[in-house]
Amino acid sequence: MKNILNAPFVREMCEATANMYRLGWDERNGGNISYMLDEKEVAEYLDVNKVIRTIPTGFSAEKLAGKIFIVTGTGKYFKNVEKDPETNLGIVRIAKDGTTAELLWGYKDGGKFTSEFPAHMMSHVSRLEADKDHRIVMHTHPTYTIAMNAVCPIDEKDFTHKLWQSNTEAVVVFPDGVGVLPCMVCGTNEIGVATAEKMKKFRLVVWTNHGIYGTGKNMDEAFGLIETVEKTAQIYMLTLGRVVNVIPDEIIKGLADLWHLTPMEGVLD
Ligand code: 13P
Ligand code: ZN
C-alpha cells in the first residue's frame with residue numbers, strides 16, 4: 001500500500017487550502033472543499049473495505065451511493081491542513097442507503113465532514129448531471145466578492161453584468177455567469193437544496209453576505225473561477241462610484257465570439 005500522505009488528491013487538498021488561506025479568503029475555519037475520487041486510485045492507498053466509522057449525513061443522496069470523496073473537516077482551519085492532513089481531512093464513501101457516510105480515512109480526532117456537506121453533496125449531484133467530468137465543489141469567503149455582493153442587488157444577471165463590465169477576462173472565464181442566492185441560514189439542508197438548484201445552471205454561486213461556491217473538473221478550474229470573480233470584484237470595489245470606463249457590451253460580445261462562447265442569456269443588450 002502506498003503512503004496516502006503522498007497521494008496526489010491529498011497533496012491537491014493541502015495545496016488548495018494553503019493557497020486559499022494565504023489569499024485571505026478562509027479566516028479561522030471558513031471554507032470547505034469536497035473532491036470526488038476514483039475508487040481505483042483510492043485503493044492504491046487504502047483498504048476501501050475497511051470502514052473506520054459511519055456518520056449519518058442528515059439528508060439523502062442516493063445518486064452518490066458508492067462514490068468516494070475527500071472532504072475538509074468541520075471546524076478545521078485551512079491554514080492547518082498541510083501540517084496535519086489526517087486530522088483536518090477525511091475520505092468518506094456515501095453508503096448504499098444514501099444517508100450515511102462511511103469514513104475510510106482521516107478525521108483522526110473524532111471529527112467529521114464540513115457542516116456544509118449537504119450543499120456540497122447536493123451540488124455534486126447537479127454538476128455531475130451537467131458535466132460527467134465534474135469533480136470539485138469549493139466554498140470560500142473571499143473579501144471583495146462578499147463586499148461587492150453587499151452593495152449590489154440580489155440579481156444574478158445584474159451581478160454577472162457588473163463583473164463582465166469590470167474585467168475583460170470575466171466573460172471568457174465564466175460566460176455561463178454567476179448564480180446568486182439571498183442570505184440564508186448556512187449549514188442546513190435548505191441552503192443545500194437551493195444551492196444545488198442554482199448549480200444545475202451555474203458553476204459559480206454566491207451566498208449573499210457569506211461567500212461563494214465554485215465547481216469544476218479539477219482543483220484548478222474551481223479555484224480559477226473563484227479567483228477570477230474575486231479579482232474582478234476587487235476591481236469593482238476599488239472603482240465603485242468613480243468609474244468612467246466600463247467595458248461596453250459590444251466588446252463583451254466580441255470577446256465571447258472570439259473564444260466561441262455563449263454568454264449567459266439576458267445579460268447583454
Ligand atoms: P465548516 O468548518 O463546517 O466547514 O464551516 C465553515 C464555513 O465556511 C461555513 O459556511
Ligand atoms: Zn462559509
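Everything numeric here is computed off the predicted structure, so don't read it as measured data. Read the numbers this way: they start at 1 and go in the same order the structure lists the ligands and their atoms.
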Is the ring pair F69/H124 parallel, tilted or perpendicular, if the boundaries are 30 and 60 degrees?
tilted
Tell me, which protein N/O/S atoms are under 2.8 Å away from the Zn ion (ligand 2)?
H139 NE2, H141 NE2, H210 NE2
Working note: Y107 + T74, criterion side-chain contact (heavy atoms from CB on, under 4.5 Å); need CA distance, chi angles, decisive distance, verdict.
CA-CA 9 Å; Y107 307 143; T74 185; over 6 Å; no
Identify all side-chain donor-acceptor contacts of residues 212-227 below 3.5 Å with residues at least two apart in sequence or on another chain.
from	atom 1	to	atom 2	distance (Å)
T215	OG1	R203	O	3.1
K217	NZ	D131	OD2	3.1
N218	OD1	D220	N	3.3
N218	OD1	E221	N	2.8
E221	OE1	K217	N	2.8
E221	OE2	R203	NH1	2.9

E62 versus S60, side-chain donor and acceptor atoms under 3.5 Å:
yes
Looking at K198 and E156, is there a salt bridge between them, counting it only when a charged N and a carboxylate O are closer than 4.0 Å?
yes
Distance filter under 4.0 Å, heavy atoms only, around ligand 1 gives N29, G30, G31, N32, T74, G75, T114, S115, E116, H139, H141, H210
Residue set satisfying side chain to side chain donor-acceptor pair (under 3.5 Å) with K50, at least two apart, ordered chain then number -> none
Can you tell me if T87 uses its side chain to pair, donor with acceptor, with the backbone of D84 under 3.5 Å?
no
Have a look at N32 and tell me which of K76, H139, H120 forms a side chain to side chain donor-acceptor pair (under 3.5 Å) with it.
H120
Between D249 and D269, is there a donor-acceptor pair closer than 3.5 Å when you use the side chain of the first and the backbone of the second?
yes
